[in-house]
Amino acid sequence: MDVGIVGLRQLESMPKRIFSGVKPTGPLHLGNYLGALRNWVELQRQYESFFCIVNLHAITIPVDPDYLSALTLEIARLYVAAGIDPEISTIFIQSDVPEHAELAWILNCSTRMSELERMTQYKEQARKQRESIGAGLFEYPVLMAADILLYQTNLVPVGEDQKQHLELTRDLAIRFNRDYGETFQVPEPYIPKVGARIMSLSDPLKKMSKSDDDPNGCVMLLDDADTVRRKFKRAVTDSGTQIKFDDSRPAITNLLTIYQLLTGKAPADVEAHFTGKGYTQLKQDLAEVTIEFLRPLQERVRGISADDLRGILEHGRNKAQGIARATLAQVMTRRGVVGASGSN
Ligand code: AMP
Ligand code: TRP
């Protein structure tokens, strides 16, 4: 019997695998850290971990090439500075492993147009761009599925916004396994209970995003102290004066959530800390907590040399590619895609 990669990965003794990625379309912000990186740092001790900078996803919208290449490396640096340990986790750049684009093509061939038309992230982006929507933007979730499935991933830690893409990834894996034989591990999303959706400081009904129209809504991980203070000072608040977690008061709840996650305090202790205090104090305290959190992170970013980074990324590529090649070879065999030598 053909013992597929899936079969091997299901052996009890093997640690489960996680895969996640950030696309380099703008500098990383607090939402990325609190919704994604922070959890990755925790999870890397329990799972075999792959963290990718998904630069092929970034070119689905127009981007300056010099900006993209510099940002790709900046994000790799931030992964390490945020606490992803290259000794135990695999950190790599998507385009360094061409198997991602190859598997995306094959998965494309069993993806329905209607499935991609339903993707809310695509619909939102398409609405913003209107003029010339690239086919790449439409295909985006298929490339994401390839990223995940190449590594026989068990769990994918992401923010709430990626849930729909994960469902499509699962559907594609299940369909391929059904039609061509067990090939892919079917992954599960791993969405944090708190922090999955950090909201914009200028509009608490929109998620904090690097493409926010108002730059004050988004605190970047590389912002200096004055910028952080200014952004929190301008943060929108709700009417009233109470400082409590309350879904009907999204602005204050968002500020409290950020405070809670950065200090590690329990929600009740956070509320107790602010009893009798006003919104100005909340914003000031939050700015100082953020600055204290960012300071060491930014120091670590500066401490990683270009050579160190190159070494980490080369090591990551080699490790990732070994696994990606094995999965892709199996996929091609299963689909009968063979070359002149009779192998793929
Ligand atoms: P992106 O910046 O869209 O490439 O997202 C990278 C990772 O950060 C993904 O796991 C997202 O779900 C997560 N993320 C992005 N924005 C937020 C946010 N405002 N709150 C929580 N998580 C976020
Ligand atoms: N689509 C994700 C986002 O916008 C980025 C991403 C691409 C990703 N490939 C992935 C996340 C694979 C997790 C796993 O945030």
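In listed order, ligands and their atoms are each counted from 1. Along the sequence shown, residues carry numbers from 1.
- Between M208 and ligand 1, at least one N/O pair is under 3.5 Å apart.
- For the pair M199 and ligand 1, the shortest N or O to N or O distance does not fall below 3.5 Å.
- Salt bridge status for R175 with E115: present, with a side-chain N to carboxylate O gap under 4.0 Å.
- Using a non-hydrogen distance threshold of 4.0 Å, H57 does not register as a contact of ligand 1.
- Ion pairing of E48 with K16 is absent here, as no side-chain N (NZ or NE/NH1/NH2) approaches a carboxylate O to less than 4.0 Å.
- More than 12 heavy-atom neighbours from other residues, nucleotides or ligands sit within 6.0 angstrom of NZ on K206.
- In this structure, a donor-acceptor pair under 3.5 Å is absent between the side chains of T72 and N55.
- Among protein heavy atoms, the minimum distance from atom 10 (O) of ligand 1 is reached at G159 N, 3.3 Å.
- Every atom of ligand 1 is numbered from 1 in the order shown, and the set under 4.0 Å from a heavy atom of H29 is 16 (N).
- Counting the atoms of ligand 2 from 1 in the order shown, those under 4.0 Å from a heavy atom of S20 are 13 (C), 14 (C).
- For ligand 1, the atoms sitting less than 4.0 Å from at least one non-hydrogen atom of A36 are 7 (C), 8 (O), 10 (O), numbered in the order shown with element in parentheses.
- Near I148, meaning under 4.0 Å from one of its heavy atoms, ligand 2 places the atoms 12 (C), 14 (C).
- In summary, the atoms of ligand 1 found under 4.0 Å from a heavy atom of G35, numbered by their order in the structure, are 21 (C), 22 (N).
- A distance-only check finds no donor-acceptor pair linking the side chain of N344 to the backbone of V338 [under 3.5 Å].
- Every atom of ligand 2 is numbered from 1 in the order shown, and the set under 4.0 Å from a heavy atom of V156 is 13 (C), 14 (C).
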- Task: Any chance you could lay out the side-chain contact (heavy atoms from CB on, under 4.5 Å) test for M332 and S343, step after step, and finish with the verdict?
- Result: CA-CA 9 Å; M332 287 174 126; S343 65; over 6 Å; no
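- Within 6.0 Å of CZ in F138 there are more than 12 heavy atoms belonging to other residues, nucleotides or ligands.
- For E188 and R170, the salt-bridge test passes: some basic side-chain N is under 4.0 Å from an acidic carboxylate O.
- Classified by interplanar angle (parallel below 30°, tilted 30° to 60°, perpendicular above 60°), the ring pair F293/Y33 is tilted.
- For K23, heavy-atom contacts with ligand 1 shorter than 4.0 Å involve the backbone as well as the side chain.
- Here the protein heavy atom with the shortest distance to atom 23 (C) of ligand 1 is G31 O, 3.5 Å.
- At the top of the distance list for atom 1 (N) of ligand 2, counting protein heavy atoms only, stands Y140 OH, 2.7 Å.
- Looking only at protein heavy atoms, the nearest one to atom 6 (C) of ligand 1 is N32 ND2, 3.4 Å.
- The environment of NZ in K277 is crowded: more than 12 heavy-atom neighbours from other residues, nucleotides or ligands sit within 6.0 Å.
- Nearest residue to atom 20 (N) of ligand 1 from I53, I198, V54, D161 is I198 (criterion: closest heavy atom).
- Between F274 and Y259, the distance separating the two ring centers is shorter than 6.0 angstrom.
- No close placement of the Y140 and Y122 rings is indicated, their centers lying 6.0 Å or farther apart.
- What sits closest to atom 21 (C) of ligand 1 on the protein, heavy atoms only, is A196 O, 3.1 Å.
- Classified by interplanar angle (parallel below 30°, tilted 30° to 60°, perpendicular above 60°), the ring pair H100/Y151 is tilted.
- Here the heavy atom of the protein found nearest to atom 9 (N) of ligand 2 is D147 OD2, 2.7 Å.
- Every atom of ligand 2 is numbered from 1 in the order shown, and the set under 4.0 Å from a heavy atom of V158 is 11 (C), 13 (C).
- In this structure, H273 places its NE2 atom where more than 12 heavy-atom neighbours from other residues, nucleotides or ligands lie under 6.0 Å away.
- Residue contacts with ligand 2 include Q121, since one or more of its heavy atoms lies under 4.0 Å from the ligand.
- Residue S20 has no N or O atom closer than 3.5 Å to an N or O atom of ligand 1.
- Set against the non-hydrogen atoms of F19, the atoms of ligand 2 under 4.0 Å away are 12 (C), 14 (C).
- Summary of contacts: the protein heavy atom closest to atom 3 (C) of ligand 2 is Q162 NE2, 3.2 Å.
- Taking every non-hydrogen atom of V22 and a distance limit under 4.0 Å, the qualifying atoms of ligand 1 come out as 4 (O), 6 (C).
- Within the listing of ligand 1, atoms 1 (P), 2 (O), 4 (O) sit less than 4.0 angstrom from a heavy atom of K210.
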